[in-house]
Amino acid sequence: RDAFDAVLLDLKPLLAAGITKAEGVVAAMAALGPVIALTGTLDATAEQSLKRAGAIDCLFDEEKTPRSLRRSIRYVISAGGAHKRRTPRLFDPGTGLATQFLFWEILGLAARRAKRNRDFFALLLVELGDLPPEGSDAIGDTVMQVAAERVSQILRASDTVARFEHHQLAVLVESMPRVEDIQIVAQKIMQELAKPFPLGDIERSFRANLGIALYPTSADNADMLIGKAFEALASAKGRGKDQFVFA
């Protein structure tokens with residue numbers, strides 16, 4: 001049969017009978033193209049087995065939303081599609097930061113860990129405005145690299161900073177339950193990004209805004225958290241530059 005761009009494979013009946021048959025089906029289908037497995041319930045062991053068999057992503061029932069499907073499609077694109085079987089890029093070549101692909105993995109693990117441990121974490125989405133279009137020159141990479149260094153200085157070693165889009169940083173702050181503490185972090189980020197950025201012989205300031213989503217009060221899964229963070233970011237941008245908003 002012809003290769004496909006991607007397939008949603010409902011493995012719930014096979015998983016009910018045991019993991020071995022499901023792995024075999026995934027391996028066979030993965031030879032033709034990227035497989036997104038539907039697993040029914042959250043089972044980390046089964047998910048890892050299916051991914052080893054060739055599934056590019058797994059979705060359980062609570063994750064079967066339009067955002068989840070878009071996330072999985074992004075995984076397919078990052079993995080290169082059916083005809084470009086390569087390892088997904090984990091680090092952004094322009095800045096050395098984790099890529100959006102890797103951040104989705106980290107965020108998904110954080111959500112599952114927090115759900116299991118009844119823990120809390122915050123997702124902060126930072127956007128710098130007035131940057132050149134992606135690929136036009138090196139200014140965007142330079143600015144985002146400096147921004148990431150400034151943000152990282154505020155955070156703990158256990159927190160994560162990634163380049164989410166060309167002009168966006170995604171920040172994961174785990175095990176910080178007090179909203180007041182997250183607010184302090186956001187204020188410090190805004191203060192750092194308000195400083196001029198060195199660009200060769202000149203310095204230039206850029207508009208910055210920040211949207212914050214909290215687990216589990218804003219949302220209780222990775223996809224909805226990203227959506228809530230984007231909504232908060234849009235609200236912050238509507239208020240003017242150097243603003244942050246909680247979802």
Are [Y] and [X] connected into the same hydrophobic cluster when the rule is that any two of I, L, V, M, F, W, Y join if their side-chain heavy atoms are below 4.5 Å apart?
| X | Y | result |
| --- | --- | --- |
| Leu199 | Leu193 | yes |
| Phe91 | Phe164 | yes |
| Leu90 | Trp104 | yes |

Filter on salt bridge (Lys or Arg N to Asp or Glu O under 4.0 Å), then keep only pairs touching residues 172-189, sequence neighbours left out; what's left?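 For residues 172-189, and leaving out neighbouring residues, the salt bridge (Lys or Arg N to Asp or Glu O under 4.0 Å) pairs sorted by first residue read Arg113-Glu174, Arg178-Asp181.
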Is the shortest side-chain heavy-atom distance between [X] and [Y] below 4.5 Å?
| X | Y | answer |
| --- | --- | --- |
| Asn221 | Lys115 | no |
| Met144 | Leu97 | no |
| Phe120 | Leu214 | no |

Ile189 and Phe244: CA distance, side-chain angles, deciding distance, side-chain contact (heavy atoms from CB on, under 4.5 Å) verdict: CA-CA 10 Å; Ile189 290 175; Phe244 66 89; over 6 Å; no
Nearest 0.5 angstrom please: Leu123 CG to Ile182 CD1, how far?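 One finds 10.5 Å between CG of Leu123 and CD1 of Ile182.
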Distance in Å, Gln100 CD paired with Gln168 CD, rounded so as to fall on 0.5 Å steps: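 So the CD of Gln100 and the CD of Gln168 are separated by 8.5 Å.
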ring-ring contact (aromatic ring centres under 6.0 Å, His included) partners of residues 174-205, not counting sequence neighbours, each pair once: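 Sorted pair list: Phe197-Phe206.
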Check: Thr160 side chain, Val171 main-chain N or O, donor-acceptor pair, under 3.5 Å: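 Not a single qualifying donor-acceptor pair exists.
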Side-chain donor or acceptor of Arg163 paired with backbone N/O of Asp92 under 3.5 Å: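 No; judged by distance alone, with no hydrogens or angles, the pair does not exist.
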[X] versus [Y], closest heavy-atom pair with distance:
| X | Y | answer |
| --- | --- | --- |
| Ser205 | Pro196 | OG-CA, 3.9 Å |
| Asp141 | Thr95 | O-CG2, 3.6 Å |
| Ala186 | Ile212 | CB-CD1, 3.8 Å |

Give the ring-plane orientation class for Phe121 versus Tyr215, where under 30° counts as parallel, over 60° as perpendicular and anything between as tilted.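 Geometry flag for Tyr215 against Phe121: parallel rings.
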Please name the residue in the list Val26, Thr20, Val25 that meets the side-chain contact (heavy atoms from CB on, under 4.5 Å) test with Leu14.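 When Val26, Thr20, Val25 are each tested with Leu14, the side-chain contact (heavy atoms from CB on, under 4.5 Å) holds only for Val25.
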Step by step, would you call Asn209 with Val245 a side-chain contact (heavy atoms from CB on, under 4.5 Å)? CA-CA 9 Å; Asn209 292 100; Val245 170; over 6 Å; no
For residues 234-243, please give each side-chain donor-acceptor pair under 3.5 Å, one per line with the distance, not counting sequence neighbours.
residue, atom, partner, partner atom, Å
Ser235, OG, Glu231, O, 3.2
Lys237, NZ, Glu127, OE2, 2.8
Gln243, NE2, Lys241, O, 3.4

